[in-house]
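Below you'll find the structure, written out as structure tokens, and then a few comments.
Just so you know, residue 1 is the first one in the sequence shown, and it goes up from there. Computed from a predicted structure; not experimentally measured.
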Amino acid sequence: MERLRDACGVVGIYAQQGDNSIDVRSYITLALTALQHRGQESAGMAVYDKDGEIVHRVGMGKVREVFQDSGKSLPLTHCGIGHVRYSTTGSSCVENAGPFVVGARAGQYDSIALAHNGDLINGAALRTHLSEVELSSTTDSEILALLLLHTDGQTLRERIIATFPLLRGSYSLVILAGGKLYALRDPWGMRPLCIGRISNNWIAVSESCALERLGATYVREVAPGELITIDEDGIHAELLVKMPRQSLCVFEYIYFSDATSQLNGRYTYLVREALGRELAREYPVEADLVVPVPDSSIPAALGYATQAGIPYEQAIIKNRYSDRTFIKPDQHLREKEVDLKFNMVKPKIDGARLIIVDDSIVRGNTMKRLVSALRHYGAKEIHLRSSSPPLRHPCYFGIDIPRDKELIASGRSIEEVRQYIGVDSLGYLSLAGLGRAINHARQEQLPEEFDDQTAIERLHSEFCYGCMETRGWPFDPLAATTHGARTLNVLPRDVVMRGQQ
């Protein structure tokens, strides 16, 4: 209920020249709208014009606020990229809105446009290689774009290969350069990226839900460490590196991704249902109703109710307009934040024993207020269940999980958390339960056939879960902050080589 935020959503579309069956600008706008859950602070688009030059437009706000014209103010194009953003690195301002376009200076350089989902842990170290005069933002995305512009190499592919080993962190990228569309995913696969097509037109996008919105066919995921190049000759894929362990952020399943998206061969909705079923096995309790905290917890609550044989009810209704900026409540109303965000169905709550299912518990403050509101409406018992294990550590890879001391589960026992929130019982899904549920969603093996050790090993081999246990990180993020500080060969501005991208 205390909403975590992912960094961004990205999309790139390449339509074969002469194919007028799709308007790339409108399709990018539609794809970004489907990715709106990944970022609501800013939106942007960059496209090639008829001469092959890159033109872009960015703005603060949601997609339909920035592109009320569906991007029609930009030139008619056969190829472009788009970006929606939440600020994790860099403040929330238009200067930090993507995509970033660099190099368009009096024809001196080939232009590059880049949209980025993720965070570079060593961004500050890489920033030291670049002149502060060139930097117009405080984001990792601009650093990436400038490195690809200035790193030694005659083609963009050569510069990507030279820069790639120096990057530490999470990144899924779509890039425009030299008339082509590129897509690149970090070696650990921490952020999602997939490929789809409409006839001979290709799409690279953060989530498959956007492909469905466009009427496109899902082809496959971009593999961790894979570089995709798309041009008039079609699509070319090359694996730059293969790591022994993949590390997709497990919160993509728990909360971030759209429920209709598929990741690593599993539909997100089915995973969330499986999380709820496993939670019911681990923490059964007698109750009258299973109630989700809307909206992302609904599949888990349905799974819990089905497994437990307890009726499911939506006794908490989300107020769809609670985030409107024109609402400026006074102090009294701010203290009643939950009453503004949720509407309570009193006949379902009064006198009932409730199982409240939420996807995660972060700071605990908002849940504490929700519990207080449920008590006010007459709840007899409140049993809280989280479909995520306890969050005990911050995230360094692009999710705004706060510092340790701000996390309610960090340094506290489950009983201490229960007392603080004020519920009758509290149950967090275990790490083993998380592993069992995810694998069960792909029907690889029934949950009861997984012992705890096997379930955790399967989880470890495929996901980053460092916010729950530090062994879940793919590498030590603190040790990686200075990686690449002295090893990057950046060409001086006056000798950057122009060439076919």
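- Using a 4.0 Å cut-off between charged side-chain N and carboxylate O, R191 and D119 make no salt bridge.
- Salt bridge R127/E142: absent, no basic N to carboxylate O contact under 4.0 Å.
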Working note: L407 + I361, criterion side-chain contact (heavy atoms from CB on, under 4.5 Å); need CA distance, chi angles, decisive distance, verdict.
CA-CA 8 Å; L407 295 167; I361 305 170; over 6 Å; no
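- In summary, R185 and E226 do not engage in a salt bridge, as defined by a charged side-chain N under 4.0 Å from a carboxylate O.
- With contacts defined as side-chain heavy-atom distances shorter than 4.5 Å, the pair S296/D359 qualifies.
- The aromatic ring centroids of F397 and F475 lie less than 6.0 Å from each other.
- When the shell of 6.0 Å around OH of Y267 is examined, it contains 12 or fewer heavy atoms from other residues, nucleotides or ligands.
- Aromatic ring centres of F251 and Y465 lie farther apart than the 6.0 Å criterion allows.
- The existence of a salt bridge linking E207 and R38 is confirmed by a sub-4.0 Å separation between a basic side-chain nitrogen and an acidic carboxylate oxygen.
- Note that CZ of F100 is 9.5 Å distant from CD1 of I143, once rounded to the nearest 0.5 Å.
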Going through the checks in order, is the side-chain hydrogen bond (donor to acceptor under 3.5 Å, both in side chains) test met by Y218 and E212?
CA-CA 8 Å; Y218 174 86; E212 295 181 5; over 6 Å; no
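- Considering only heavy atoms from C-beta on, C194 comes within 4.5 Å of L211 through its side chain.
- Using a 4.5 Å heavy-atom cutoff, the side chains of I54 and V47 are not in contact.
- Partner of L227 under the side chain to side chain contact (heavy atoms under 4.5 Å, CB included) criterion, out of L239, I175, L184: L184 alone.
- Side-chain contact check for V10 versus L35: every heavy-atom pair is 4.5 Å or farther apart.
- The existence of a salt bridge linking E238 and R157 is confirmed by a sub-4.0 Å separation between a basic side-chain nitrogen and an acidic carboxylate oxygen.
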